[in-house]
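Here is the structure we will look at, set down as structure tokens.
Just so you know, these numbers use all the heavy atoms, side chains as well, and skip hydrogens, waters and symmetry mates. In this text, all values refer to a predicted model and were calculated from it rather than measured experimentally. Order of appearance sets the numbers: ligands from 1, and atoms from 1 within every ligand.
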Amino acid sequence: MDIEKLEKIAESEPDFRMKQVKKAVFHDLIADWIEATTLPKSLRERLEKEAPLEFSAEVFPSKDGRTVKARIRLEDGLLVETVLMKHTDKRNTICVSSQVGCLLGCEFCKTGRGGFKRNLTAMEIVEQVLFFARHLKDKDEKITNVVFMGMGEPFLNWENLKRAIEILNDDNCFGIGARKISVSTSGITEGIEKLAREFPQVNLAISLHAPDEKLRGKLMPVNKKYPLEKVLRAVDEYIKNTNRKVMFEYVMIKDVNDSEEQAKELVKLLRRPLYMINLIAYNPTGRFKASPPEKIKKFKAILEKAGIFTTQRYRFGNDIEAACGQLASQK
Ligand code: SAH
Ligand code: SF4
């Protein structure tokens, strides 16, 4: 599907048409132009020919039915993966990708190991949400949250990220509130600044994964250009300007970053107002092992005892390689 063509086609039509087209696609979630009964037949036929609404995608449901991964084929044949997570409290979260591959090559992440292909356009980002919105419509359900935690570094694709957030937000399109949208970054400070300026209500998550520069540098090459210290300064500035909470993501890797000493170092670093920690079970990608549950428990207890709000992420979709860090652009 190529929604960009829509805008071109709508240009030659009266102004209100684009609104009708958007409503049909993003709000009514039509899968065929025939359903867009507000549009004249000639326009529907032209749209059907020039901007068909079908997706080329494969779908992989997890055994427990709570996670579905979609592998969408883009116009140029590249593949992008998107994940739907169904929470027990009726929330339906879509984890979207912002790039095909990633330039940053974190040691624990499969996306990073496959190399970088290209940025996604705003529409290609939005299409991932559209895909699952239609999927849920059949079950009378809706998307409630969108997280930019799929493939790629969102802040290295700022213009398209920005446009995509605007479309997700737009009441004529999806109408998803900014507070229901989260962006995760490996610590690109310019992006953190721009997010505070342009979308202060969108949630920010920071991939931390280590309590010191040396280890973070080993796990995340991006730490050279954006060291811990610089990232935390940007976060403080972000909080000063937005007064919003910030979530620090920390993947628990066995015997690498999960010791009691490291938990105490983390306390020193992150015991500050509006800082929260989300401990993530490491999803196997070949290189490391996951911390055992009892070690995660101990680690969490140290953080909590120090008064840091700490959560543990439910592991979605491990069996279909749809968990954090397991998305890739190749089969
Ligand atoms: N590039 C951005 C957003 C995508 S990654 C970022 O790094 O923040 C989304 C989250 O999954 C990040 O916190 C990332 O560190 C984490 N992740 C990567 N590989 C993982 C793995 N193997 N197991 C668990 N989480 C992983
Ligand atoms: Fe890129 Fe994020 Fe994976 Fe690191 S964790 S390689 S920044 S997608």
Side-chain angles (χ1 to χ4, degrees), residues 67 69 80-83 85 93-120 125 128 145-158 160-161 164 181-192 195 202-210 215-226 228 231 234-235 246-254 256-258 276-291 296 311-329:
T67 313
K69 177 168 85 173
V80 71
E81 296 193 330
T82 309
V83 182
M85 293 165 283
T93 300
I94 307 287
C95 176
V96 294
S97 298
S98 53
Q99 302 181 309
V100 183
C102 184
L103 278 163
L104 302 179
C106 300
E107 291 289 328
F108 44 80
C109 176
K110 193 166 166 188
T111 303
R113 268 195 275 140
F116 174 73
K117 299 278 172 12
R118 68 169 172 86
N119 279 333
L120 291 177
I125 296 173
Q128 300 170 51
N145 299 68
V146 175
V147 297
F148 285 84
M149 295 189 184
M151 295 157 57
E153 168 52 54
F155 287 157
L156 292 182
N157 187 13
W158 173 259
N160 290 306
L161 170 73
I181 300 174
S182 304
V183 179
S184 172
T185 179
S186 57
I188 309 298
T189 52
E190 295 85 350
I192 298 173
L195 193 75
V202 168
N203 304 299
L204 173 67
I206 306 281
S207 288
L208 197 74
H209 309 319
L215 179 60
R216 192 167 192 269
K218 256 199 226 159
L219 295 174
M220 303 174 69
V222 68
N223 198 63
K224 258 194 220 87
K225 186 157 178 216
Y226 297 97
L228 208 53
V231 176
V235 169
V246 174
M247 172 77 80
F248 289 88
E249 299 161 278
Y250 196 96
V251 181
M252 297 294 290
I253 309 175
K254 187 175 182 225
V256 172
N257 65 356
D258 63 349
M276 304 187 299
I277 299 178
N278 188 210
L279 298 177
I280 308 172
Y282 168 71
N283 298 305
T285 56
R287 198 154 288 178
F288 303 103
K289 288 208 168 65
S291 301
I296 300 181
T311 51
Q312 212 175 324
R313 186 178 296 173
Y314 174 82
R315 189 190 242 163
F316 275 100
N318 214 353
D319 58 324
I320 50 168
E321 296 233 331
C324 302
Q326 289 186 319
L327 301 186
S329 47

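Considering only non-hydrogen atoms, atom 7 (S) of ligand 2 lies nearest to L104 out of T111, T185, L104, L219. Compare S184, C102, P154, A281 by their heavy atoms: the one nearest to atom 8 (O) of ligand 1 is in S184. With atom 9 (C) of ligand 1 as the reference point, the heavy atom nearest to it among E107, M149, M252, M220 is part of M149. Relative to atom 1 (N) of ligand 1, the option among G152, A205, C95, S97 with the closest non-hydrogen atom is G152.
Within the 4.0 Å heavy-atom shell around ligand 1 one does not find C106. Using a 4.0 Å heavy-atom cutoff, G152 is listed among the residues neighbouring ligand 2.
Using a 4.0 Å cut-off between heavy atoms, C106 contacts ligand 2 through both its backbone and its side chain. If you look at T111 next to ligand 1, there are no close heavy atoms at all, none under 4.0 Å.
Against a heavy-atom cut-off of under 4.0 Å, G105 is close to the following atoms of ligand 2: 6 (S). Atoms of ligand 1 found under 4.0 Å from any heavy atom of H209, numbered from 1 in the order shown, are 13 (O), 14 (C), 15 (O).
Between atom 3 (Fe) of ligand 2 and C102 there is no N/O/S contact shorter than 2.8 Å.
Side-chain polar atoms of E81 and S97 form no donor-acceptor pair below 3.5 angstrom.
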